[in-house]
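This report refers to the structure that appears directly beneath it.
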Amino acid sequence: MLTAADPVGFTPLYRDQSDSVRRSCSGSTEETPRKEANGRRTKTKRHGCLDNASPAPSAVMSSAESSGDGGKWLDAHYDPVAGIYTFSSCVDLADLSGDGENRLVVGDLGSGSSGMKLKVYRGTALMSESTLLDLPAGLVAFFMDLHEPRIPAVAVASGPCIYVYKNLRPYFKFTLPGLEINTLEQTVITCIGTLKKNMADEDGVSCLVIGTESGEVFVLDPEAFIILSKMTLPAVPTIMDVTGQFDVEFRITAVCRNGNIYILRREADKPKYCIELSSHAVGLVRVGKNVVVGCTDETLQGFTQKGKKLWKTVLAAPIVTMASMDLPTRGFQAVLVGLANCEVQLYRDKNLLSTIKTPDVVTSICFGRYGREDGTLIMTTKGGGLMVKILKRTATFDDRDSAPGPPLAQSVRLNVPKKTKLYVDQTLRERESGLAMHRAFQMDLSRLRLAAAKAYVKALESSLTPMSASLAEPLKMNAVVQGLGPSFKLTLNVQNTAACRPVTNLAISFLYDESLYRMRNPYMRIPLLVPGLIYPVETFVECTSDKGISDVIKVFVLHEGRSSPLLTAHINMPVSEGLTLN
């Protein structure tokens, strides 16, 4: 165990700057003096509610110059020479003093070989910094215990070790276990996250979750820093998203170097689901129960927590970094995407809500509570600059703000009425009389089936179907009536549906009301029906009544020597319009 007195290369992390750190929450722009290194006093501008000195006035941009987002953000601070070189995984916001004001904690990469530091900002001023022994792979703030006051600790993953700082002072050093191949060789940490232990509260105790170069994921106890759980991945994890509680249920979504995303569950030490991507992922953000993945092919894709693909959108430039934008007070969740064309775009699902234009490529994004402002966006640029923006309280986002997509009505929730008293009464009735209702339903269903079977048998016996039920003479017939009246042309199309056997000695007879109709050929013979051919049988029907009424003409297809017809058809004759016109 490493204590504050252990000589491991730590430099003092805490430095009281209460005299030089002051806060103005007036919400207006004011000028405050700042003393430079040569003793000369200059005036700088402060915007919003951020603390301390800003850069020279030339470095502060107006909203119109820096954004292009419709004025949804306030430009609070911009320092192009802040000297911060980091990524989104090495940036976090936490209340490190217990005074209700969040500080910005940054794991600075320095030059890549030297100058690695842990920096803490309050407002726009550097509060403290400490030298790191190796390049930081990730940084998280987490609560280790239930002691008061509720002040989180900071864990920095650097090389094969995790350095834990408490009250801005070195507290503990955890080293990864050695590999089995060589006891002198150690693996290194590639990513780090936090997992609530048993309570989902914002200040609940959290475990550390670390991914290693050996393809393993460890869950560490927050107090004793022992390994609580060990899971194995098929490849090296580079990005992790952790949700849930260790003692209840949790889910770890890991992006690996083989281009796949693996999902780990509490009950298994191996991945439960796998998402195969068309290209490597550069960022992963959880939004609700879904995950949003940014890929190197300039696409943004959405997946369910079980790996089902929901949507895909193509971006205008390669993705550099991604972060989550969560506003619990408004019930708003979205994804911030930093692009290589000096833009930061805001997406909710596949809909582009806003675009922020920046003077340089953004390499890290962090959104959350900074100081006493809930909607603060902190960005660092490729040239080492620091940008701070504050979301306006009047800002609103429309799903159809900037990008085409599905109709707006598709996202509108249906106005489902509340449960009425009648619905509740019917529900109680179904619970109490469920067995009797089921029996009555089965009885009615049996009666319906019986009635349908009787009607079918009656139709077969009386040959009322348009197809013959006899296997010896398989016939099919349909009728067509043409004309306005009083004379109609009646055509019967008769077909032998047998495969190769002809049908002979057939006759067609008509039954009708002789007071209404007169038929030229009421009885016709069909000597032969060849299989597959359709034989039209034509006759003329004349309506003899001038009362404007109609009736049914019955058609019978008969076979010589049989009393029952092979086919029967009922033709509903139209009303004669010729007599009406005359």
Side-chain angles (χ1 to χ4, degrees), residues 86-92 107 109 132 134-142 154-164 172-181 185-197 206-222 225-246 250-277 280-286 291-295 303 305 307 321-324 364:
T86 187
F87 300 108
S88 298
S89 59
C90 297
V91 181
D92 204 352
L109 303 178
L132 297 176
D134 204 345
L135 281 174
L139 180 150
V140 291
F142 70 106
V154 177
V156 182
S158 180
C161 303
I162 293 180
Y163 301 98
V164 180
F172 190 83
K173 173 185 175 183
F174 172 81
T175 304
L176 291 176
L179 297 177
E180 297 180 359
I181 300 176
E185 182 182 358
Q186 290 177 346
T187 185
V188 295
I189 301 173
T190 56
C191 50
I192 187 171
T194 60
L195 172 64
K196 299 294 183 183
K197 191 159 192 320
S206 300
C207 303
L208 291 180
V209 182
I210 56 177
T212 66
E213 189 73 29
S214 58
E216 295 175 328
V217 176
F218 298 101
V219 180
L220 305 183
D221 183 80
F225 290 98
I226 60 175
I227 298 177
L228 298 178
S229 178
K230 175 183 176 182
M231 291 160 280
T232 304
L233 292 171
V236 179
T238 57
I239 306 172
M240 280 196 313
D241 178 84
V242 187
T243 182
Q245 303 167 35
F246 179 77
F250 64 84
R251 189 185 303 266
I252 301 175
T253 306
V255 177
C256 296
R257 289 181 186 166
N258 62 352
N260 296 338
I261 300 177
Y262 299 97
I263 301 174
L264 297 164
R265 299 287 296 273
R266 182 179 186 273
E267 65 273 6
D269 58 351
K270 293 184 178 181
K272 184 159 182 77
Y273 304 105
C274 175
I275 304 174
E276 296 184 0
L277 302 175
H280 286 272
V282 296
L284 181 141
V285 173
R286 175 175 293 275
V291 292
V292 180
V293 183
C295 300
F303 297 89
Q305 58 185 359
T321 185
M322 292 175 58
S324 173
S364 72

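Source: prediction; values computed, not measured.
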Which residues pass the salt bridge (Lys or Arg N to Asp or Glu O under 4.0 Å) test with Lys197, not counting sequence neighbours?
Asp247
So which heavy atom on Ala281 is nearest to which on Val293, and how close?
CB-CG1, 3.6 Å
Under 3.5 Å, is there a donor-acceptor pair between the side chain of Asp92 and the main chain of Ala141?
yes
Residue pair Phe225, Ile162: steps toward the side-chain contact (heavy atoms from CB on, under 4.5 Å) verdict:
CA-CA 10 Å; Phe225 290 98; Ile162 293 180; 5.8 Å; no
Rounded distance [0.5 Å steps], CD1 in Ile227 versus CG in Leu176
7.5 Å
On a heavy-atom basis, the closest approach of Cys295 and Leu277 is SG-CD1, 4.3 Å
Can you measure from SG (Cys256) to NE2 (His280) and round to the nearest 0.5 angstrom?
11.0 Å
Looking only at heavy atoms, the pair that brings Leu139 and Gly107 closest together is CD1-N, 3.7 Å
Can you see which heavy atom on Thr86 is nearest to which on Ser364, and at what distance?
CG2-OG, 3.6 Å
Within the 4.5 Å heavy-atom criterion, are Val188 and Glu213 side-chain neighbours or not?
yes
Just verifying a value: how many Å separate Cys161 SG and Leu132 CG, rounded to the nearest 0.5 Å?
11.5 Å
Under the side chain to side chain donor-acceptor pair (under 3.5 Å) rule, collect the residues that match up with Ser89, sequence neighbours excluded.
none
From the options Cys207, Ser229, Pro177, select the one residue that forms a side-chain contact (heavy atoms from CB on, under 4.5 Å) with Phe218.
Pro177
Please round to the nearest 0.5 Å and tell me the distance separating atom CG of Leu195 and atom CG of Leu220.
11.0 Å
Nearest 0.5 Å, please: how far is CZ in Phe174 from CG in Asp221?
10.5 Å
Closest approach of Cys90 to Ala137 (non-hydrogen atoms, all atoms of both residues):
SG-C, 3.9 Å
Exercise: do Arg286 and Thr253 side chains pair donor with acceptor under 3.5 Å:
yes
If you define the side chain from C-beta out and look only at heavy atoms, does anything of Pro222 sit under 4.5 Å from Leu208?
no
Taking it one step at a time, do Tyr273 and Gln305 satisfy side-chain contact (heavy atoms from CB on, under 4.5 Å)?
CA-CA 9 Å; Tyr273 304 105; Gln305 58 185 359; over 6 Å; no
Hey, does Arg257 have a side-chain heavy atom less than 4.5 Å from the side chain of Thr190?
yes
Heavy atoms, side chains only, cut-off 4.5 Å: are Met231 and Val219 in contact?
yes
Are any non-hydrogen side-chain atoms of Cys191 and Ile239 less than 4.5 angstrom apart?
no
Indicate yes or no for a side-chain donor-acceptor contact from Thr238 to the backbone of Val255 under 3.5 Å, with no hydrogens or angles considered.
yes
Nearest-0.5 Å distance, OG1 of residue Thr194 to CD1 of residue Ile210
13.0 Å
Please report the closest heavy-atom contact between Val140 and Gly193, naming both atoms and the distance.
CG1-CA, 4.1 Å
